[in-house]
Structures are given as structure tokens and as C-alpha cells.
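We name chains A, B, ... by the order of the sequence lines, and we start the count at 1 in each one. Because the structure is predicted, anything quoted here is derived from the model rather than measured.
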Protein chains: 2
Amino acid sequence: MATISDVAKLAGLSVSTVSRVINNSPHVSPKKRALVKGAMDQLGYVPLPAARQLRGSSSKSLAVVVPRIVNPFFSYLIDSIERTLINAEFNTIIVQTFGNKNQELGALELLKKQQVDGVILCSIENQWSVIKEYLKYGKIVLANEYLKDLPIPMIYANQYKGLKSGTEYLLKQGFSRIAYATGRKKLSIALLGSDFDSDRFHGFQDALQEAKLSFNSNWLFYDAHTEEDGNEILMEIKNMTNKPDAIIAGSDEVAAGIVEAARNNGISVPSQLGVLGIDDQPMSSKLNIPLSTIRQPVNEMGVKAAQLMIAELNGDIERNIKPLDLKVISRNSA
Amino acid sequence: MATISDVAKLAGLSVSTVSRVINNSPHVSPKKRALVKGAMDQLGYVPLPAARQLRGSSSKSLAVVVPRIVNPFFSYLIDSIERTLINAEFNTIIVQTFGNKNQELGALELLKKQQVDGVILCSIENQWSVIKEYLKYGKIVLANEYLKDLPIPMIYANQYKGLKSGTEYLLKQGFSRIAYATGRKKLSIALLGSDFDSDRFHGFQDALQEAKLSFNSNWLFYDAHTEEDGNEILMEIKNMTNKPDAIIAGSDEVAAGIVEAARNNGISVPSQLGVLGIDDQPMSSKLNIPLSTIRQPVNEMGVKAAQLMIAELNGDIERNIKPLDLKVISRNSA
DNA sequence: ATACATTTTGGTATCGATTTCATAAAATTA
DNA sequence: TAATTTTATGAAATCGATACCAAAATGTAT
């Protein structure tokens, strides 16, 4: 590998001059500049980032942390983040946590190790108290997730409003006995204050309340993530004596699982069971029964997350970030 | 940020000793070792990779290059590669090319810049002649793609056999006028020798030939990647006087687009047009008309690609890598 | 022509780690 | 006990780049 001194030697100049050319600083005569460029080309020279970094230059890289990229919600989110960052000449380092706390910490350690200038968290595995320690070392932006009163930029969709509209949509369609499936574990929903999924749940509850309907807590399903979880939920419903007539699933995947199992069990959707998804994934419109769903503003969220990070790195602290709106998409499942 | 000398100072020892503890080399007394560890903890010290790298240590990182992660085929491929690499304690750096030659070059430049020890290419945008120059700087493994006579490990599925079986499947179902859609651009398929997609095409042709059927070159569609491309293909077919009775699409996405457009145009699948996809993406089984398709061994391919790379880095050159088999999945579209 | 300012260039300390070499201390052997 | 080997520790060179400072070259004003 050619180094800066190789280039200097070949050009018959000092490393200082070569460095000036690399960083196109002024005070280099056109003649020498050409000489250096020639030598660089001839040797296929590229400055070693490790060496530059050691001298304190920024990495021009950002980490984007997601649970898994095979989840289309996250792959599309990354897609829009990365496209935005490319324009600002930042590299994107995608970190999958696979739901593992330590993987997330690993991403944050990148800040300490100066591998990245900032981290965009699209999900949170660790406690804020441990995450906040890393603010010493770089910028952190929250996308998609939302925790109260944090001193960092957050961009998220208004889940409360989204779920309220979604519920109202179901009510308008004539459903009144509405079940609710969440990705949360059983305990947390009661305990947590105003966070991501309880926002959703409150929107749901408030819509019911305004319609003077009560919620049957037997119709609350926890820890639902996959299609298989959706299958199981349908089986539970099937075995109930007091059945709901519709369900809001925590994601389109779960919704798809519910619809699929319904078909296999001779339960007709939406006439016997309305199913409303959340996300609006690409496949949702092409299912056997196209899914009615609450669309997340994935693209806008990605773009905004990237912009917030860039602003943050430039020292422009943006306050009052408006939450984005979800949108009810009416198709055939509810 | 704490440095090695901060640790040394706090522990009352030299940086050499601290370095020995970090790299747990021998000849450090248990007493001092404990002292150093204590100081490291107290300061939250992490060695700076840039500095270590400058001294020639490996990055323990590998790049995986794909066109886009929103394509499920690639996100699942990455998923299995990364899971395998994690076990070998390698970091995975995902590089999206977005079909851009320069982005691919950027990934290869990572080798030169010693940011990664190797690159797993899951698609090829540049000529081999330019790629091979980077072999000087690190290892390159080809996954999914296949070029003849390259001096690097390649793992791919036997597209020839897969398409032959797929075509035979269609023939057995009673189709005989079979169209073919490829992702290739118009020119290349004629020119290129035995590469990825012409392998597919040859498998298709040979199956036809063995059945004593000829191929109508009007039924060859180029440059098909997206669902929209699939829509357009159907419109073209609809306007033909001499229509095919089935089509093999280059991917499930294209197939889904064809099926969708068929429904919108009152063409019934499979009775009027059989549609056979390639890939078997997660959504394929859940479409309105579940897709018959040729499944790619994505997971095995990812695992094997990662293993090949690890072997390569260890200096174990693996020859005679067996191509993996595709498998025809019979559902409702053909 | 002289003095002074400005542009161009080179020498070298520095970033944070590793590693070689020298030296000191401890352990082993004769 | 002396000689020798082994173990433990530190000093300093080094990796490849940047940046400060000094020196040389050039330009401008008097």
C-alpha cells in the first residue's frame, strides 16, 4: 500500500505539500499540485482513514440501528435514511441488534471508538440511563421510537392519533367489539407511562370511550410480532365464547397471520372478523384479502431523521419537531 | 476520551504494560494486571481502533455488497451472512450499491483503506477487470453471482438446473407456449457466455428443446425488475396476437406484477396465463393467487458465503464448491 | 536597490496504540 | 554463592497522516 511519503518521494516533494494537495488547502503552486496528483494516480494512492482519524478528523460515518433488516418497515426506513445521508456525503453503517441489548451497546461503542460521528436509533433495547452515557462521545437521534423528556432530537409518528383514527374507522365500518394486539410484553403496558405503544393503546382506548364503548381486557393480546403470532391469536379468538368482531394488529405481519388463519378456519374476513393492520408494508396491498391498515410515514421519518442528525452535527439544535401523521388505508380486511 | 497513557498513569505503570494487558500477552504479574484492569474500568477505556489499525492490526470487519436491502432476497441473504459472521466475531458492514457502479467501487476501496478484511459481493456492477485489482488488498468472495474462471471463491445456485426444472414443471402442467422475462438489458443476453442469467436462459431453452418445442423470441422480455415492469409485461402480452400461455418471470416481484395486472385486465391465472416466479419471497405464498415459483437457497447461500470468506481469510482455499439447488414450489399461479 | 509582505515549501512533533530492545528483578542451576 | 535463565517492566521507535513553525522564494512598495 502506497503511503503519503511514497507519493512525496515520487513527486520529489515533502509530505507536507502532498498533504496540502490531499486536503486542497491553499498555498500550493499549480505546478507542484499537478506533480502530486500525478504521483497519487500513478500509485493508486488513497489516504488511510485510520491515520487521518488519529489526527482527529471526523469519520463522516453514521450508524443506523434497527432490530432486523428483514423487517420491511426497517429496511425501508434505512433506505430513506441512507439516501438522505448519501447526499450529505455521510457513510451509513447499518447495525442490526437482532433484539439483543449488547448489539445495541456495540453500536453506541462505535461513538466511543470514533468509528461514527452519530447514531440514529430506530429502536431501543437498553435503558435510557445507559444510553445517555454515550452522549459524551457523539450525537444520538431517535427515530420511530419515542421516550418522554429526552434531551435529544426525536422524530416519530403520532401513534396516539393514528390509532384513534384507525379505531374510529373501524367503528364507522360498524365494528364495535374491537380486540387489540400489541408487540409489548404483558407487564409493561400497564406500567409504562406515555411511550410508544401505550400511546397507541391510549388512542385506541380514547376512541372507544368517546363512542361510549368499553374494552374487554380478554381481547388484549401481548407479545405479537410475527405471522405465527397472528395465527395463534386467531385460534384464541376462535375458541372464545365472547368473541370480538374486529381486531387491530400491532403490525401488518401479525394482521396477515390473523387473516391467513381465519381463512384456514373458515372465518370470513371482514364480515365475521375485521382486521386492521399497522405499517402498510409493500405486501399488504397484494394479499389474498388486501389489508386495511394504518400507514406509517416511513419515508418522511427516514428523511427527517437523517436531516435531524445532520443538523445536530452542525450544531443546529432543532426544537419542536412535529410528529408525523399516520393514515388509515381502507382496503378489504376491515 | 481516555487513552492508553491515561490508563497507564492511573495505574502507575507504563503504557507497555497496559498494552500487554489489553492484548493479554504473557509476562505480566497478576498484581499489575489487576491494577491495569481496574484503571481501565474506572476510565471506561476502550482502545481506539484507528490507532491499532495504524500498527497493522486487522479490522475484523467484512463488507457485504448488495443492490438494495429493501429487496427481500438480499435482506434475507444478508441476514444469514451476518448471523454466520457474528459467530466468527466479524463485524458486518452492509453496502448498498443502489445499482451504482461507483458505490460498488466504494465498497472495494474499503479494502484499500483497510477498513475491511474482505468483501462479499452479492451482485456485480463493474467489470471483473476492475474488480480484480482489489485482490491485492484483501479477499473477495462472490455470492449469488457467478462468472466463469475466476480465481476467487464463488457460491451460487445452479440456475441452469433450476430453470430447467421450472420449465419442465410448466410443461408437465400442460403449458407449451412459454414466455421468459429477464432482468438483463437487451444486448447482453446474446453476447454473454456462461454467466448468471444466460445460465438461467439456457436451462429454459434446453428444457424446451428436449420437449421439441421452439421458443418465440417475441416472448422474451428484458430489463424486468419491479412490479411495474411486471404490469407492463402483461400489457404487452395482452396486445399480442400470438400469445404465450405461460411466463417465467425473473423474480417474484415481476411475477406478482404480472399476476396483479392480469387480474385487473380480466385475464385469469393460471388458466389463461401461467406465471412462474423465481426466489420464493416471503410474500409469495400470501398473494391473492399464491405464486408458484422457483425457490432460491438463500439461507444456505448466505451461510456458505460467510464460511468461504472466513476460510479464505484463514488461508484455507476451498476448491470445488458445489452449486446449490433451486427448488420448484408448486402453488396456484402455474 | 532595500525593506517588507506574501506565497510556497519543508522539517518535525503529534495523534494512540504496538513492538522491539534494554534493563531490572526473580527464579533456577551449577 | 556465583552464574545463568526466565520473567517482569519501561523507554522509545514506529505506523500514516496533519498542522504548526521556520525557512526559502517570490512579489510589492518605497
Return the value, rounded to whole Å, for the distance between atom [atom1] of [X] and atom [atom2] of [N].
X       : N      : atom1 : atom2 : value
B:Asn23 : D:dT9  : CG    : C1'   : 16 Å
A:Met40 : D:dA17 : CE    : P     : 11 Å
A:Lys9  : C:dT9  : NZ    : P     : 20 Å
A:Leu35 : C:dT8  : CG    : C1'   : 14 Å
B:His27 : C:dT19 : NE2   : P     : 14 Å
A:Arg33 : C:dT9  : CZ    : C1'   : 13 Å
A:Ile22 : C:dT9  : CD1   : P     : 15 Å

Give B:Val46 one of three labels, base, sugar-phosphate or nothing, depending on what nucleic acid heavy atoms sit under 4.0 Å from its own.
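It contacts sugar-phosphate atoms only.
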
Among all residues two or more places apart in sequence or in another chain, which pass the side-chain contact (heavy atoms from CB on, under 4.5 Å) test with B:Pro297?
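For B:Pro297 the side-chain contact (heavy atoms from CB on, under 4.5 Å) partners, ignoring immediate neighbours, are B:Ala157, B:Glu300, B:Leu324, B:Leu326.
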
Under 3.5 Å between N/O atoms: give me all the protein pairs with nucleotides 10-12 of chain C, atom names plus distance.
residue, atom, partner, partner atom, Å
C:dG10, OP2, A:Ser14, N, 3.0
C:dG10, OP2, A:Ser14, OG, 3.1
C:dG10, OP2, A:Thr17, OG1, 2.7
C:dG10, N7, A:Arg20, NH2, 3.4
C:dG10, O6, A:Arg20, NH2, 2.7
C:dG11, N7, A:Ser16, OG, 3.1
C:dG11, O6, A:Ser16, OG, 2.8

Determine, for A:Glu318 against A:Lys304, whether the closest basic-nitrogen to carboxylate-oxygen distance falls under 4.0 angstrom.
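Answer for the salt bridge query: yes.
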
Do A:Asp79 and A:Arg83 sit within salt-bridge range, that is, some charged N less than 4.0 Å from a carboxylate O?
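Salt bridge between A:Asp79 and A:Arg83, a charged N being under 4.0 Å from a carboxylate O: yes.
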
Please work out which residues in residues 51-63 of chain B have a non-hydrogen atom less than 4.0 Å from an atom of DNA chain C and list them by number.
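Going residue by residue through residues 51-63 of chain B, the ones with a heavy atom under 4.0 Å of DNA chain C turn out to be B:Ala51, B:Arg52, B:Leu54, B:Arg55.
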
Looking only at atom types and distance, does a side-chain atom of B:Ser25 sit under 3.5 Å from a main-chain N or O of B:Arg20, one as donor and one as acceptor?
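At least one qualifying donor-acceptor pair exists.
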
Looking at CG of B:Asn71 and NE2 of B:His225, how far apart are the two atoms once the value is rounded to the nearest 0.5 Å?
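Answer for the CG-NE2 pair, B:Asn71 versus B:His225, is 10.0 Å.
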
Is there a side-chain polar atom (N or O) of A:Ser29 under 4.0 Å from OP1 or OP2 of C:dT9?
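Checking C:dT9 against A:Ser29, a side-chain N or O does come within under 4.0 Å of OP1 or OP2.
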
Cut-off 3.5 Å, side chains only: do [X] and [Y] have a donor facing an acceptor?
X        : Y        : result
A:Ser14  : A:Thr17  : yes
A:Tyr134 : A:Glu109 : yes
B:Gln96  : A:Glu82  : yes

Go through C:dT19, D:dG16, C:dG16 for me and flag the one nearest to the B:Ile4 side chain.
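In terms of side-chain proximity for B:Ile4, the closest of C:dT19, D:dG16, C:dG16 is C:dG16.
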
